[in-house]
Novice: 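Sharing a structure here in structure tokens format.
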Amino acid sequence: SRESALSTLMATLVTADFEDGYEAPSIAEFFPGELLFEGTPFALTRINLIGLLMTALLSLLLVLAFRKPQVVPKGLQNVFEVMIDFVKHQIIDEVIGAQGRKYLPYLATLFFMILFWNLSGIIPGLNMPATAVIGVPLFLALTSYVVFNVAGMRALGVGSYFKANLFPPGVPPALYVLLTPIEFISTFLLRPFTLTVRLLANMMAGHLMLVLFFSGAWYLIVVSDNLLLSVFGVVSFGAGLAFTLFEILVATLQAYIFTLLTAVYISGAVSEHH
């Protein structure tokens with residue numbers, strides 16, 4: 001009967017004799033051991049090395065793209081100019097205005113670095129986004145925090161900047177007892193926290209899903225030596241390929257969102273009206 005066939009299938013899946021036992025990906029993957037300079041302040045883990053490698057790759061590509069710039073760009077120069085124009089027009093001009101183009105070097109660098117660090121999660125042999133450990137997104141968030149606060153203080157003056165953020169105009173004075181602590185927490189405490197967590201959580205989740213699909217496929221197809229389980233392994237492998245394409249979208253989107261929010265915070269900081 002259908003019920004007995006289903007029971008047999010489930011029993012096969014549960015009691016299948018595997019060689020070593022499948023180990024699912026865990027949070028421990030984000031805390032690898034030290035590989036170089038162990039026990040010193042300069043100790044490097046696998047994830048640190050991945051970040052350095054992707055930084056070197058980005059630097060090399062930029063040098064190759066612009067070492068002999070042409071009036072009519074092509075190849076790598078064209079690719080990077082399109083990306084820079086995207087940051088300039090779709091982020092800076094749309095959010096801050098033309099006067100915000102002085103922040104292009106920082107915002108373009110931010111976009112490129114996050115994008116390349118994110119994409120290391122789908123590169124075979126690396127398989128780990130450099131942004132999947134809290135130190136990287138936290139550093140980027142704190143840097144953006146300093147940038148938009150300094151921009152606001154330079155544009156409005158220190159006193160006027162804090163007044164504009166902590167005491168919104170047009171509000172009855174009695175409400176400042178409630179509003180000022182809320183504005184302080186949201187502007188000066190939560191912004192770096194939310195920037196960090198948003199990027200970190202997305203890249204951690206993406207890595208875990210990719211490892212789950214591909215390691216599961218390998219285990220079911222190669223290690224299990226079970227034809228029935230191999231079918232599920234093929235499905236897992238297909239899901240991994242599909243999720244890889246999705247992860248490329250997520251990596252690009254997270255670079256865009258982080259850069260966009262930084263531009264939004266800069267725009268709000270330099271404006272007297274919030």
Side-chain angles (χ1 to χ4, degrees), residues 48 51-67 69 73 76-120 129-158 160-162 164-165 186-200 202-203 251-272 274:
N48 299 142
L52 292 174
L53 176 62
M54 296 305 293
T55 302
L57 175 62
L58 173 59
S59 301
L60 175 62
L61 292 177
L62 286 170
V63 169
L64 293 176
F66 295 106
R67 62 177 177 172
L76 275 178
Q77 182 186 346
N78 186 54
V79 171
F80 279 105
E81 285 196 8
V82 168
M83 296 171 72
I84 292 171
D85 283 342
F86 174 79
V87 175
K88 182 192 297 183
H89 298 297
Q90 301 302 318
I91 296 180
I92 295 176
D93 289 355
E94 291 291 329
V95 175
I96 307 175
Q99 70 276 12
R101 290 189 179 182
K102 60 185 176 181
Y103 301 106
L104 177 62
Y106 174 69
L107 293 175
T109 301
L110 189 65
F111 177 79
F112 286 136
M113 291 307 305
I114 296 176
L115 177 61
F116 271 68
W117 285 338
N118 287 352
L119 289 176
S120 63
T131 48
V133 290
I134 193 169
V136 174
L138 179 60
F139 173 77
L140 296 174
L142 290 176
T143 303
S144 292
Y145 178 80
V146 171
V147 168
F148 79 74
N149 277 300
V150 170
M153 293 177 192
R154 292 180 63 181
L156 307 179
V158 177
S160 297
Y161 174 69
F162 282 101
N165 279 281
S186 64
T187 301
F188 298 104
L189 297 181
L190 288 183
R191 284 182 178 178
F193 174 77
T194 55
L195 281 174
T196 300
V197 172
R198 182 183 293 105
L199 179 57
L200 175 68
N202 277 280
M203 302 321 298
T252 306
L253 187 61
Q254 288 304 313
Y256 168 71
I257 291 174
F258 199 105
T259 308
L260 177 68
L261 288 176
T262 299
V264 169
Y265 296 155
I266 292 174
S267 177
V270 300
S271 174
E272 295 184 13
H274 297 273

Novice: Distance from Leu260 atom CG to Leu110 atom CG, nearest 0.5 Å?
Specialist: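 CG of Leu110 is found 11.0 Å from CG of Leu260.
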Novice: Walk me through it: do Val146 and Leu142 pass the test side chain to side chain contact (heavy atoms under 4.5 Å, CB included)?
Specialist: CA-CA 6 Å; Val146 171; Leu142 290 176; 5.6 Å; no
Novice: Please test Ile84 against Phe112 for side chain to side chain contact (heavy atoms under 4.5 Å, CB included), starting from the C-alpha separation and ending with a verdict.
Specialist: CA-CA 9 Å; Ile84 292 171; Phe112 286 136; 3.7 Å; yes
Novice: What distance separates Ile257 CD1 from Thr252 OG1, expressed to the nearest 0.5 Å?
Specialist: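 One finds 11.0 Å between CD1 of Ile257 and OG1 of Thr252.
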Novice: Is there side-chain contact between Gln254 and Thr131, with heavy atoms separated by less than 4.5 Å?
Specialist: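 The answer is no; the side chains never approach within 4.5 Å.
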Novice: Using every non-hydrogen atom in the two residues, find where Ala263 and Leu107 come nearest and quote the distance to one decimal.
Specialist: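 Result for this residue pair: CB-CD1, 4.2 Å.
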Novice: Kindly say whether Ala130 contributes a backbone atom to a donor-acceptor pair with the side chain of Ser120 at under 3.5 angstrom?
Specialist: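 It does hold such a pair.
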Novice: Checking side-chain contact (heavy atoms from CB on, under 4.5 Å) against Met113, which of Val136, Leu58, Leu140 comes through?
Specialist: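 The residue from Val136, Leu58, Leu140 that satisfies side-chain contact (heavy atoms from CB on, under 4.5 Å) with Met113 turns out to be Leu58.
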Novice: Between Arg191 and Phe148, is the side chain to side chain contact (heavy atoms under 4.5 Å, CB included) condition met? List the steps.
Specialist: CA-CA 11 Å; Arg191 284 182 178 178; Phe148 79 74; 3.7 Å; yes
Novice: Which label fits Tyr256 and Phe86: parallel for a plane angle under 30°, tilted from 30 to 60°, or perpendicular past 60°?
Specialist: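 Tilted: the ring planes of Tyr256 and Phe86 meet at 30° to 60°.
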Novice: Within the side chain of Thr196, is there an N or O that forms a donor-acceptor pair under 3.5 Å with the backbone of Ala141?
Specialist: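 Checking the backbone N and O of Ala141 against the side chain of Thr196, no donor-acceptor pair under 3.5 Å is found.
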Novice: Would you say the side chains of Ser144 and Tyr106 form a donor-acceptor pair under 3.5 Å?
Specialist: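 Ser144 vs Tyr106: donor-acceptor pair found between side chains.
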Novice: Which heavy atom in Ala269 sits nearest to a heavy atom in Leu156, and how many Å separate them?
Specialist: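 The pair with the smallest heavy-atom distance is O-CD1, 3.5 Å.
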Novice: What residues form a ring-ring contact (aromatic ring centres under 6.0 Å, His included) with Phe258, not counting sequence neighbours?
Specialist: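 Here no residue qualifies.
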Novice: Quick one: are Leu199 and Leu195 in side-chain contact, heavy atoms under 4.5 Å?
Specialist: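 No; the side chains remain at least 4.5 Å from each other.
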Novice: So, Thr55 side chain and Gly51 main chain: donor-acceptor pair closer than 3.5 Å or not?
Specialist: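 Indeed, once roles are kept as given, a pair shorter than 3.5 Å links the two residues.
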Novice: Roughly how far apart are Thr187 OG1 and Asn165 CG, rounded to 0.5 Å?
Specialist: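 Those atoms lie 5.0 Å apart.
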Novice: Trp117 and Met54: which non-hydrogen atoms are nearest, and at how many Å?
Specialist: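 Minimum heavy-atom separation between Trp117 and Met54: CD1-CB, 3.8 Å.
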Novice: Might you confirm whether atom CZ of Phe188 has over 12 heavy atoms from other residues, nucleotides or ligands at distances under 6.0 Å?
Specialist: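 Atom CZ in Phe188 is packed in, count exceeds 12.
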Novice: Tell me the closest heavy-atom pair linking Gln77 and Pro69, and the distance in Å.
Specialist: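 The answer is OE1-CA, 3.5 Å.
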Novice: Take atom CZ of Phe66 as the centre, draw a 6.0 Å sphere, and report whether it contains more than 12 heavy atoms from other residues, nucleotides or ligands.
Specialist: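 Yes, enclosed.
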Novice: Do you know the tightest heavy-atom contact between Ile114 and Ala255?
Specialist: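 It is CG2-CA, 3.6 Å.
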Novice: Could you give me the CA-CA distance, side-chain angles and deciding distance for Asn149 and Tyr265, then say whether side chain to side chain contact (heavy atoms under 4.5 Å, CB included) is met?
Specialist: CA-CA 9 Å; Asn149 277 300; Tyr265 296 155; over 6 Å; no
Novice: Sequence neighbours left out, cut at 3.5 Å: what donor-acceptor pairs do the side chains of residues 97-105 make with other protein atoms?
Specialist:
{"from": "Gln99", "atom 1": "NE2", "to": "Ile96", "atom 2": "O", "distance (Å)": "2.7"}
{"from": "Arg101", "atom 1": "NE", "to": "Asp93", "atom 2": "OD1", "distance (Å)": "3.1"}
{"from": "Arg101", "atom 1": "NH2", "to": "Asp93", "atom 2": "OD2", "distance (Å)": "2.7"}

Novice: How long is the gap from CG on Leu115 to OG1 on Thr259, to the nearest 0.5 Å?
Specialist: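 Going from the CG atom of Leu115 to the OG1 atom of Thr259 covers 9.0 Å.
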Novice: CD1/Ile134 to CG/Leu200 distance, rounded to the nearest 0.5 angstrom?
Specialist: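 Reported value, rounded in 0.5 Å steps: 5.5 Å.
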Novice: Is it the case that the side chain of Ser271 and the backbone of Gly268 share a donor-acceptor pair, with hydrogens and angles ignored and the cut-off at 3.5 Å?
Specialist: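 No, Ser271 side chain to Gly268 backbone: no donor-acceptor pair under 3.5 Å.
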